[in-house]
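These notes concern the structure reproduced below.
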Amino acid sequence: MQDILDEIVATIGASKERGKVADYIPQLACIDPNQFAITVALADGRVFSSGHSDRLFSIQSISKVFTLTIALGKLGDAVWSRVGREPSGDPFNSIVQLEHENGKPRNPFINAGAIAIADAILKGHQPKETLGEILQFVRFIADDDSIGIDEKVAQSELVTGDRNASLAHFMASFGRMKNPVDWVLGTYFHHCSIAMNTEQLARSGLFLVDNGRNPVSGTRVVSALRARRINSLMLMCGHYDGSGEFAFRVGLPGKSGVGGGILAIAPGKASIAVWSPGLDEVGNSKLGTEALEKLVQHTGWSIFG
Ligand SMILES: NC(=O)CC[C@H](N)C(=O)O
């Protein structure tokens, strides 16, 4: 495994065509695109990394997997009255479907859906308390108490977040927000600004590898049924309007973020985190996707055989 990862770093990680860093969030626009890391956390507890795997990056929309998991724990199936479970086929920050579908986002991973989930888990609490809860959960699943929020990124999103504010207010106009919109947005921007390295991120996905149980510690995080469902949503919706392409090329449940990270799950085998800040046209890590494609070719881990 170490040889495979080192080869991926030496070839794909050194590529000249690196995509474009997200520039609509000023704090992400200044990230050096020449960084690259990959970590594979195997179900048997062994962890392999190559590249800049100790560097922290903004996990952005990957955090939506964690907030969805928390929401399912708090609300159970009532979550599905707030968001759907169909791929949107539209960009992650699109507003167009919301009007036709009465303010109910297609799935929990597009921005509108994740904002609805943030509203659902706030449940009348202060954003600070909810963020504390989200962080506690992420630290628990990654088994790492040092994980925190990059406040500079959160502020940067807040001052440039007109599109997300529009989505939230639009949903509120359908009576779909139960908390003040600025609380919901504050919670959303902050959980997107959680900073992790690929080692921490790969460990955090282990509960989705082994039927809802961390295979290393043996701790149950969610039921087997719930883990399966979260994986299915990641496969169908985790890369927005690039989800079909990701399934075609990689064949694993995955969730991307505009910070350039991707968390991918090979059920029964491994949790994988890659990071390369340059994005493709739809906002998914360009080299991250290529690296996963290569890894799956080497290991045969595609869920499609
Ligand atoms: N795709 C993403 O990672 C988007 C998350 C980002 N915080 C936003 O709201 O735009």
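Worth knowing before you read on, the calculation uses all heavy atoms, side chains too, and leaves out hydrogens, waters and symmetry mates.
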Given 3.5 Å as the limit, does a donor-acceptor pair link the side chain of S271 with the main chain of A202, or not? yes

Identify the two heavy atoms, one from A172 and one from V181, that lie closest to each other, and give their separation to 0.1 Å. CB-CG2, 4.0 Å

Using the side chain to side chain contact (heavy atoms under 4.5 Å, CB included) rule, take I272 and L292 through it: C-alpha gap first, then chi angles, then the decisive distance, then the call. CA-CA 8 Å; I272 308 139; L292 287 167; 3.6 Å; yes

Run the side chain to side chain contact (heavy atoms under 4.5 Å, CB included) check on V65 and L208 step by step: do they pass? CA-CA 10 Å; V65 176; L208 293 170; 4.1 Å; yes

Is there a continuous path of hydrophobic side-chain contacts, each under 4.5 Å between heavy atoms, that joins I194 to I262? no

Indicate yes or no: at least one non-hydrogen side-chain atom of T69 is less than 4.5 angstrom from one of F207. yes

What do the steps show when you test M196 against I62 for side chain to side chain contact (heavy atoms under 4.5 Å, CB included), and what is the final call? CA-CA 11 Å; M196 290 167 94; I62 302 169; over 6 Å; no

Tell me whether I12 shares a hydrophobic cluster with V296, the cluster being built from Ile, Leu, Val, Met, Phe, Trp, Tyr side chains joined at under 4.5 Å. yes

Please check if the side chain of K74 supplies one atom and the backbone of I121 the other of a donor-acceptor pair under 3.5 Å. yes

S61 and S256 have their tightest heavy-atom pair at CB-O, 3.4 Å

Shared hydrophobic cluster, V9 / V250 (ILVMFWY, side-chain heavy atoms < 4.5 Å): yes

So, H169 side chain and S166 main chain: donor-acceptor pair closer than 3.5 Å or not? no

Shortest non-hydrogen pair, G84 vs K104, comes out as N-CE, 3.8 Å

Would you say the side chains of H190 and E151 form a donor-acceptor pair under 3.5 Å? yes

Report yes or no: does R228 contribute a side-chain atom to a donor-acceptor pair with the main-chain N or O of S223 at less than 3.5 Å? no

Non-hydrogen atoms of Q97 and S88 that approach each other most closely: NE2-O, 2.8 Å

Measure the spacing between CG of D182 and CG of N179 and express it to the nearest 0.5 Å. 10.0 Å

Got a sec, which residues hit salt bridge (Lys or Arg N to Asp or Glu O under 4.0 Å) with E7, two or more places apart in sequence or on another chain? none

Sub-4.5 Å side-chain heavy-atom contact between M171 and L98: yes

To the nearest 0.5 Å, tell me how far D144 CG sits from L201 CG. 11.5 Å

Smallest separation among heavy atoms of D77 and R229, with atom names: OD1-NH1, 4.0 Å

Determine whether I115 and M177 satisfy the following criterion, side chain to side chain contact (heavy atoms under 4.5 Å, CB included), listing intermediate values before the conclusion. CA-CA 9 Å; I115 292 167; M177 289 283 127; 4.2 Å; yes

Between Q155 and F189, is there a side-chain heavy-atom distance shorter than 4.5 Å? no

Once rounded to the nearest 0.5 Å, what's the spacing between atom OG of S63 and atom CG of L263? 11.5 Å

Side chain K286, main chain D280, donor-acceptor under 3.5 Å: no

Nearest non-hydrogen partners of I265 and G205, listed with the distance: CD1-O, 3.5 Å

Any sub-3.5 Å donor-acceptor pair from N284's side-chain atoms to H239's backbone N or O? yes

Run the salt-bridge test on K123 and E133 with the 4.0 Å N-O cut-off and return the result as yes or no. no

Taking only Lys NZ, Arg NE, NH1 and NH2, and the carboxylate oxygens of Asp or Glu, determine whether E101 and R106 approach each other closer than 4.0 Å. yes

So do L72 and I230 actually touch side chain to side chain, heavy atoms under 4.5 Å? yes

Can you find a pair of side-chain heavy atoms, one from V21 and one from L28, that are under 4.5 Å apart? no

Distance-only check: which donor-acceptor pairs under 3.5 Å involve side-chain atoms of residues 297-305, not counting sequence neighbours?
residue : atom : partner : partner atom : Å
T299    : OG1  : L295    : O            : 2.8
T299    : OG1  : W301    : N            : 3.4
S302    : OG   : F304    : N            : 3.0

Flag yes if more than 12 heavy atoms outside M1 fall under 6.0 Å of its CE atom; otherwise flag no. yes

Results of salt bridge (Lys or Arg N to Asp or Glu O under 4.0 Å) for K269 - residues two or more places apart only: none

Taking the side chain as everything from C-beta on, heavy atoms only, tell me whether S146 gets closer than 4.5 Å to Q200. yes

Restricting to side-chain contact (heavy atoms from CB on, under 4.5 Å), what partner residues turn up for R249, sequence neighbours left out? E245, T289, E290, E293

Which residue pairs pass the ring pair (Phe, Tyr, Trp, His ring centres under 6.0 Å) test with at least one member in residues 53-103, sequence neighbours excluded? F57-W275, F92-Y240

Please indicate whether Q2 has more than 12 foreign heavy atoms, meaning atoms of other residues, nucleotides or ligands, lying under 6.0 Å from its CD. yes

Are the side chain of D119 and the backbone N or O of K178 linked by a donor-acceptor pair below 3.5 Å? yes

Taken to the nearest 0.5 Å, the spacing of R163 CZ from I95 CD1 works out to 7.5 Å

Has the side chain of R82 got a donor or acceptor atom that lies under 3.5 Å from a matching backbone atom of R176? yes

For F174, give me all partners under ring-ring contact (aromatic ring centres under 6.0 Å, His included), at least two apart in sequence or on another chain. F170

Value for OG1 (T198) from CD1 (I59), rounded to nearest 0.5 Å, stands at 13.0 Å

Okay, side chain of S81, backbone of A78: is any donor-acceptor separation there less than 3.5 Å? yes

Would a hydrophobic clustering, with Ile, Leu, Val, Met, Phe, Trp and Tyr connected at side-chain separations under 4.5 Å, put V222 with F109? yes

Any donor-acceptor N or O pair under 3.5 Å, side chains N93, N111: no

Is the shortest heavy-atom distance from the side chain of K64 to the side chain of Y188 under 4.5 Å? yes

T219 and N214: side-chain donor and acceptor closer than 3.5 Å? no

Look up atom CG in N197 and atom CD in E199, then write down how far apart they are to the nearest 0.5 Å. 6.0 Å

Contact check, side chains of T187 and I134, non-hydrogen atoms, under 4.5 Å: yes

If we ignore angles and hydrogens, is there a donor and acceptor under 3.5 Å between the side chains of S58 and Q60? yes

Give a yes or no on whether F246 and V40 share a hydrophobic cluster (residues Ile, Leu, Val, Met, Phe, Trp, Tyr; joining criterion: side-chain heavy atoms under 4.5 Å apart). yes

